Amino acid sequence: MSSEPLLITASSTVSALGRGIQVAKTALLQGRSGLRRNDYDDGRLDTWIGRVEGVENVVLPGALAPFDCRNNRLAALGLETDGFATAVATARQRYGARRIGLFLGTSTSGIEATEQAYLQRGSGDGPLPASFDYRHTHNTYSCADFTRQYLELEGPAQVISTACSSSAKVFATASRYIQAGWCDAAVIGGIDSLCLTTLLGFNALELVSAQPCRPWDRHRNGINIGEAAGFALLEPDPGRAGVALLGYGESSDAYHMSTPHPQGEGALLAMRRALDSAGLTPVQVDYINLHGTATSSNDRAEDQAVTRLFKEVPCSSTKGWTGHTLGAAGITEAVFCKLAIENGLMPGTLNLQDIDPGLSAPILRDTQQRPVRVAMSNSFGFGGSNCALVFGWQG
Amino acid sequence: MMRISIEHIGLMAPGMAGWDAARPVLRGEQAPDTQTLPAFWPNLLPPNERRRTTALIKLALQAAEDALRHSPYALYELASVFASSEGDGEVVDRICQSLTLPDRPVSPTHFHNSVHNAPAGYWAIASGSRQFSTSLAAGADTFAAGLLEAATVAILQQRPVLLLSYDYALPPALAGRGYVDTIFGVALLLSAQASDATMGSLQLELKAGTVVPPILPAELAELREYNPAAAALPLLIALARAETADLALPCHDKLTLQIGIDM
């Protein structure tokens, strides 16, 4: 199925690297990681995390106060970064509030608010604190409810929650909604924030590393959890040149809940569908931003899928910069792909020392300045949910 | 505007365990016994997988199984849309309780079941389908959002899509705080083309403006008040009665999903 290109006319990123696209670009060029020793959970878990500075100090606008939680504060930071909210206000004038769709990805939403409510109550079965507003904080739709009101949008809206592919899949849904005529333009994005559920849950699965994560390294031993928010405004015909979504591919592994298909069958299918939808062949791709989480099995499965489809296309994982931002990984790495195309910049793979001899994709160790016309971004999640996106210069 | 066919329906709700049992209730020939909760017996999953699932996952898969009893499609051909407002409250409750205990023993199984797309993951394992699948939420209007997404995929990909809209009552600690306090799961098999199996065709349109949802009998209205998936009830009533109808469902503030139903 082919899709029409959608120009990214505005975008923003907030991650452990800091606020804004320029900050992210400088960090990628200088090899400056955003990872730090875990200080979120009083350091009780021995790991490294990608924490966003200043989330604690964000104050939501008065009318949106019921939405107050770490996840929505992070969303607010993303909306006020890189002039994103202002760009959407301009688009609202052009299209009308009802004709702009809103599609956001998150995996755990504002679950931290529920965690804190339970911790405040203790281990009994008494009532949770009366001040705890579950519906506006933790409910899966909360971040879209918040963002729709923040940006004064009146079009169709939904949250896609498919674990670590969530904010890649929002590009696909937005593309379909525009193609079907349900909206004329779309705000998409992803927000995931630090919480005990993901830190301790991934730790229970023995997938968390006590060191800075090392994608593709022979000694890699797990992920670092990060938090991030990012947004993009997608328009089909804005009358100017720029980086566009050229295609998308989605698939299911149909294999296991928390382990990828060993030969990367689902990942391969997602990448093939993305190329078909963009009308491109593998040789036309210049750079691949891998999912590259740095767990043993994920990197091995993705390596198989990539090498079965591509011959010598440079690829890298940027998880060593940001950590694995889970439901926000798709949008974060989509913004990195946009940076790559605009600046002729292929990010390297931070923390990669000894390339795993069992892996054969042409992995980039260091950041390079090389032209990128077409970039692919991979995002794969629990439940075997896969999404690949293709971006390129449109003009 | 978009036109889509409904080929099969599955239902799991209080007093309505299965589409066959639900039809007389929806036609108004039989009072709903909403005190009787449906029992689950999903056979889609092998026992070793089923043991690891939760009530929410069983609810979703049971509704799917009910819809697919007479389906001509192989399961692996189906794309799917999983629409749930709350996800798995039971699992969240267990994880958050474990945070209050010494050593915070979060169970790895609870953790992987906590993702919103856990039912979709088990469905993919059961069906062997590598087709498109998504899992979404849209608060009180989750059914309308799921229907739009599923119809759009069916039309653009020209492929049958299984829409599952389901939510399970939140556990006692969270009861009354979210959108869901009762059980309801509905499955609609959507197809881009009309066929012999078509039970009804829907004409979908998005319109500006806020709307009050269609009036329902008291017991069914209560289900809808406490479960966003039950927003499907006016549509299910029209299909059970094989009547043409024009429905307007709320789809967020200031937006309405208009559904024209033809038999």
Side-chain angles (χ1 to χ4, degrees), chain A residues 1 97-98 107-108 111 114-115 117-119 121-123 125 127-128 132-135 138-141 144-145 148 154-163 169 173 176-177 179-180 182 196-197 200-205 250-258 265-266 269 381-385, chain B residues 1-2 52 76 84-87 92 95-101 104-108 110-118 120-122 124-125 127-139 142 145 148-149 152-153 155-157 172-174 177-179 206 208 251-255:
Chain A
M1 193 183 72
R98 195 181 79 69
S107 70
T108 46
I111 197 172
T114 303
E115 294 172 351
Y118 275 72
L119 287 169
R121 181 190 71 172
S123 59
D125 55 3
L128 297 171
F132 165 50
D133 188 340
Y134 171 86
R135 186 184 287 217
H138 179 176
N139 176 269
T140 309
Y141 181 60
D145 198 359
R148 195 168 181 265
E154 296 171 11
Q158 56 167 269
V159 162
I160 291 175
S161 188
T162 53
K169 285 170 77 75
T173 289
R176 278 190 293 271
Y177 267 61
Q179 194 179 347
W182 297 128
L196 293 174
T197 299
L200 299 176
F202 277 110
N203 187 56
L205 287 165
E250 295 159 279
S251 74
S252 304
D253 267 8
Y255 175 71
H256 191 269
M257 278 303 295
S258 54
E265 287 291 346
L269 200 52
F382 271 10
S385 175
Chain B
M1 207 195 326
M2 181 175 277
R52 293 151 63 90
Y76 65 81
S84 166
S85 176
E86 297 290 8
V92 165
I95 290 174
C96 289
Q97 277 186 36
S98 66
L99 299 178
T100 68
L101 302 174
R104 306 181 295 182
V106 173
S107 142
H110 289 160
F111 179 59
H112 80 222
N113 279 344
S114 75
V115 295
H116 200 73
N117 61 316
Y122 283 103
I125 293 168
S127 66
S129 174
R130 289 189 175 143
Q131 298 300 337
F132 167 85
S133 179
T134 197
S135 299
L136 60 87
T142 295
L148 267 182
E149 175 86 324
T152 303
V153 170
I155 294 295
L156 295 184
Q157 295 197 4
L174 298 171
R177 293 174 185 268
Y179 293 94
L206 277 179
C251 188
H252 318 294
D253 293 339
K254 300 176 183 170
L255 196 64

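Computed from a prediction, not measured in an experiment: that's the story for all the values here. Atoms considered below: every heavy atom in the structure, side chains included; atoms not considered: hydrogens, waters and symmetry mates. Lettering of chains follows the sequences in order, A, B, ..., and the numbering in each one begins at 1.
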Greatest number of heavy atom pairs closer than 4.5 Å to chain A - which of [options]:
options	result
B:Ala124, B:Ala138, B:Pro105	B:Ala138
B:Arg104, B:Gln97, B:Arg52	B:Arg104
B:Val115, B:Leu206, B:Asp253	B:Leu206
B:Thr142, B:Leu99, B:Asn113, B:Leu101	B:Leu99
B:Gly121, B:Ala145, B:Ser135	B:Ser135
B:Ser85, B:Gly87, B:Cys251	B:Ser85

Mind listing the closest non-hydrogen atom pair of [X] and [Y] along with its distance?
X	Y	value
A:Lys169	B:Ser133	NZ-O, 2.7 Å
B:Leu174	A:Tyr118	CG-OH, 3.9 Å
A:Ala163	B:Asn117	N-OD1, 3.6 Å
A:Ala204	B:Val106	CB-O, 3.3 Å
A:Asn139	B:Gly139	OD1-CA, 4.5 Å
B:Cys96	A:Thr114	SG-CG2, 3.9 Å

Taking the side chain as every heavy atom from C-beta outward, state whether B:Thr100 and A:Arg121 have any atom pair closer than 4.5 Å. no
Any side-chain heavy-atom pair from A:Glu154 and B:Leu255 closer than 4.5 angstrom? no
Structural part of A:Asp253 lying under 4.5 Å from a heavy atom of chain B: backbone
ring-ring contact (aromatic ring centres under 6.0 Å, His included) with A:Phe202: which residues, sequence neighbours excluded? A:Phe382, B:Phe111
For B:His116, what residues pass the ring-ring contact (aromatic ring centres under 6.0 Å, His included) criterion, not counting sequence neighbours? none
Would you find a donor on one side and an acceptor on the other, under 3.5 Å apart, between the side chain of B:Arg177 and the backbone of A:Phe132? yes
Main-chain N/O of B:His252 paired with A:Arg148 side-chain donor or acceptor, under 3.5 Å: no
Pick one of side chain, backbone, both or neither for B:Thr134, based on which atoms fall under 4.5 Å of a heavy atom in chain A. both
Most contact-rich option vs chain B, by heavy-atom pairs under 4.5 angstrom, among A:Gly381, A:Pro156, A:Ser385, A:Ala180, is A:Pro156
